[in-house]
Amino acid sequence: TIERGNPEEDAYAFLKGIIAELQGQGRLRDEYANGDLAAQVIWSAIHGVVALEIAKCNDPWVEWRPVAERTEAMIDMIERAVLR
């Protein structure tokens with residue numbers, strides 16, 4: 001089992017720790033002062049990339065860009081949205 005709140009095992013706790021560090025450094029925009037909100041929005045965005053890759057990677061209707069490219073673009077978008 002995964003130990004809840006242990007950032008070495010719990011990915012959500014790990015993400016919240018990163019957000020807390022960013023807040024402590026004054027790098028997070030004021031509208032994302034709530035660490036849970038920031039973590040959940042970031043998690044959702046990355047989860048979307050992963051879920052679409054799993055569920056739709058062979059969908060002939062979409063000419064998917066490589067998953068690494070999409071992931072890097074999503075991380076860049078998140079950084080631009082939440083950081084000062």
By side-chain hydrogen bond (donor to acceptor under 3.5 Å, both in side chains) - contacts of E31 (at least two apart): R29
A39 to L15 - nearest heavy-atom pair and separation: O-CD2, 3.3 Å
Counterpart residues, side-chain hydrogen bond (donor to acceptor under 3.5 Å, both in side chains), relative to N58 (two or more places apart): none
Pairwise distance OG1(T71) to CE(M74) - rounded to 0.5 angstrom: 8.5 Å
R4 atom CZ, neighbour heavy-atom count above 12 within 6.0 Å: no
Those residues that, when tested against E72, pass salt bridge (Lys or Arg N to Asp or Glu O under 4.0 Å) (two or more places apart): none
CZ-CD distance between R27 and E79, expressed to the nearest 0.5 angstrom: 8.0 Å
Candidates I19, V82, L22, L83 - the one meeting side chain to side chain contact (heavy atoms under 4.5 Å, CB included) with Y32: V82
Backbone N/O of A33 and side chain of Q23: donor-acceptor pair under 3.5 Å: yes
Close side-chain approach of D36 and K16, heavy atoms under 4.5 Å: yes
Atom of R70, atom of R65 and distance for their closest heavy-atom approach: NE-O, 2.8 Å
Within one Ile-Leu-Val-Met-Phe-Trp-Tyr cluster: V41 and W43, side-chain cutoff 4.5 Å: no
Minimum side-chain heavy-atom gap Q40-Y12 below 4.5 Å: yes
Hydrophobic cluster membership, L28 vs I46, 4.5 Å side-chain cutoff: yes
Heavy atoms of other groups near E8 CD, more than 12 under 6.0 Å: no
Any side-chain heavy-atom pair of W64 and L52 under 4.5 Å: yes
